[in-house]
Amino acid sequence: MAEGRHYWLMKSEPNVFSLDDLAQAPKQTTAWDGVRNYQARNFMRTMKTGDQVLFYHSNAQPPCVMGVAEVVKPAYPDPTQFDPHDAHYDPASPTDQPRWDVVDIRFVRKFDVPLSLDLLRGQASLNGMELLRKGSRLSVQPVKPSEWNEILRLARTHRD
DNA sequence: GCCAACGTTGGC
DNA sequence: GCCAACGTTGGC
């Protein structure tokens with residue numbers, strides 16, 4: 001495993017943008033726009049090309065880790081913050097020092113079976129994972145290598 | 001639809 | 001700098 005490659009988890013509501021949407025996007029790539037939380041933004045600013053991302057469906061039934069994406073372009077200003085017609089418009093963001101960033105991510109793979117939040121909560125090895133913390137709302141979060149390995153192992157184990 | 005657990009805003 | 005009010009996230 002390459003040194004310096006980091007692991008992340010990013011949440012999306014599937015009725016807004018699903019992993020299938022990413023797989024069908026041009027070049028299977030999208031700008032991860034609309035993040036308006038400083039902690040999440042700061043994590044995105046530390047992302048590097050090649051970093052691996054768990055793609056999570058929130059507000060889904062059930063909520064699930066769906067598969068894997070990867071960072072293909074590091075942080076740059078989020079254009080939606082300057083668009084008055086966009087839901088994520090931020091009139092307070094200075095144009096010369098934009099407040100919000102995006103990264104570009106590309107589809108890598110979809111798991112054979114989605115890994116539900118329930119299933120993940122049942123894994124003692126995932127104790128302490130940010131996603132599983134009560135009240136956790138962070139939409140971009142770091143994943144430990146051990147957690148990454150465990151989730152990929154579960155993805156291999158749980159098939160039709 | 002409910003509501004706990006946040007994060008942000010703004011009066012003081 | 002405090003903190004009440006408010007808005008949002010997201011599981012259930």
Side-chain angles (χ1 to χ4, degrees), chain A residues 6-25 30-47 51-71 74-105 107-144 146-148 150-155 157-158:
Chain A
H6 289 98
Y7 301 107
W8 307 95
L9 179 143
M10 292 165 115
K11 297 180 182 175
S12 188
E13 302 188 26
N15 60 347
V16 177
F17 192 85
S18 68
L19 183 58
D20 286 339
D21 291 332
L22 181 61
Q24 288 156 24
T30 196
W32 203 253
D33 60 20
V35 170
R36 296 293 181 268
N37 170 284
Y38 289 106
Q39 207 181 344
R41 180 205 67 183
N42 292 343
F43 282 131
M44 288 205 295
R45 286 183 173 174
T46 72
M47 290 181 181
D51 279 4
Q52 302 292 112
V53 178
L54 294 172
F55 198 107
Y56 178 79
H57 281 182
S58 60
N59 272 316
Q61 290 130 36
C64 285
V65 175
M66 296 299 293
V68 176
E70 70 180 347
V71 176
Y76 61 97
D78 182 345
T80 67
Q81 70 195 304
F82 301 123
D83 179 359
H85 302 297
D86 193 280
H88 300 287
Y89 177 51
D90 182 359
S93 178
T95 48
D96 58 337
Q97 205 172 5
R99 189 176 283 183
W100 306 113
D101 282 1
V102 298
V103 296
D104 286 358
I105 65 164
F107 177 82
V108 172
R109 59 175 288 225
K110 185 179 175 178
F111 294 152
D112 295 329
V113 175
L115 302 176
S116 73
L117 194 57
D118 247 16
L119 177 83
L120 299 181
R121 287 197 194 283
Q123 309 301 318
S125 51
L126 294 178
N127 275 352
M129 188 177 177
E130 170 66 23
L131 180 72
L132 307 182
R133 251 190 54 242
K134 181 176 165 62
S136 172
R137 302 188 315 176
L138 195 55
S139 65
V140 176
Q141 53 183 259
V143 171
K144 298 187 189 89
S146 60
E147 295 164 347
W148 178 271
E150 176 64 8
I151 285 174
L152 288 205
R153 188 188 69 75
L154 290 168
T157 306
H158 294 264

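Letters go in sequence order (proteins before strands), and every chain restarts at 1. These values consider heavy atoms only, across backbone and side chains, with no hydrogens, waters or symmetry-generated copies.
Contact check of residues 83-99 of chain A against DNA chain B (heavy atom, cut-off under 4.0 Å) returns no residues at all. Residues of residues 57-68 of chain A having a heavy atom closer than 4.0 Å to DNA chain C, listed by number: A:Ser58, A:Asn59, A:Pro63.
Note on A:Arg133: only backbone sugar-phosphate atoms sit closer than 4.0 angstrom, heavy atoms only; bases stay farther off.
The shortest distance between the side-chain N/O atoms of A:Lys11 and the OP1/OP2 oxygens of C:dG10 is below 4.0 Å. Within the 4.0 Å cut-off from OP1 or OP2 of C:dG11, at least one side-chain nitrogen or oxygen of A:Tyr56 is found.
Shown here are the side chain to side chain donor-acceptor pair (under 3.5 Å) partners of A:Ser146, two or more places apart in sequence or in another chain: there are none. In this structure, the side chain to side chain donor-acceptor pair (under 3.5 Å) partners of A:Asn59, at least two apart in sequence or on a different chain, are A:Glu13. Remark: A:Pro79 engages no residue in a side-chain contact (heavy atoms from CB on, under 4.5 Å) (not counting sequence neighbours). Residues meeting the salt bridge (charged side-chain N to carboxylate O under 4.0 Å, His left out) test with A:Asp33, sequence neighbours left out: none. In terms of the side chain to side chain donor-acceptor pair (under 3.5 Å) criterion, residue partners of A:Asp51 (sequence neighbours excluded) are, by chain and number, A:Trp8. With sequence neighbours excluded, the residues forming a salt bridge (charged side-chain N to carboxylate O under 4.0 Å, His left out) with A:Arg36 are A:Asp78, listed by chain and number. Under the side chain to side chain donor-acceptor pair (under 3.5 Å) criterion, A:Gln141 pairs with no residue at all, not counting sequence neighbours. Among residues two or more places apart in sequence or in another chain, the salt bridge (charged side-chain N to carboxylate O under 4.0 Å, His left out) test is passed with A:Asp20 by A:Lys110.
Taking CG of A:Leu120 as the reference point, atom OG of A:Ser125 lies at 9.5 Å (rounded to 0.5 Å).
Rounded to an integer number of Å, the gap from CG of A:Leu120 to C1' of C:dG11 is 14 Å. Atom pair A:Glu13:CD and C:dT9:C1' shows a separation of 8 Å (rounding to whole Å applied). Atom CZ in A:Arg36 sits roughly 15 Å away from atom P in C:dG10 (whole-Å rounding). Whole-Å rounding puts the A:Gln39 CD to C:dT9 P distance at 15 Å. The CG atom of A:Asp118 sits 11 Å away from the P atom of C:dG11 (whole-angstrom rounding).
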Donor-acceptor pairs under 3.5 angstrom involving side-chain atoms of residues 126-140 of chain A: please list them, not counting sequence neighbours.
from     : atom 1 : to       : atom 2 : distance (Å)
A:Glu130 : OE1    : A:Arg133 : NH1    : 2.8
A:Glu130 : OE2    : A:Arg133 : NH1    : 2.8
A:Glu130 : OE2    : A:Ser136 : OG     : 2.9
A:Ser136 : OG     : A:Glu130 : O      : 3.0

Would you tabulate the nitrogen or oxygen pairs shorter than 3.5 Å linking the protein to nucleotides 3-8 of chain C?
from  : atom 1 : to       : atom 2 : distance (Å)
C:dT8 : O2     : A:Arg137 : NH1    : 2.4

Pair A:Trp100-A:Tyr38, ring-ring contact (aromatic ring centres under 6.0 Å, His included): steps then yes or no: CA-CA 8 Å; A:Trp100 306 113; A:Tyr38 289 106; 4.7 Å; yes

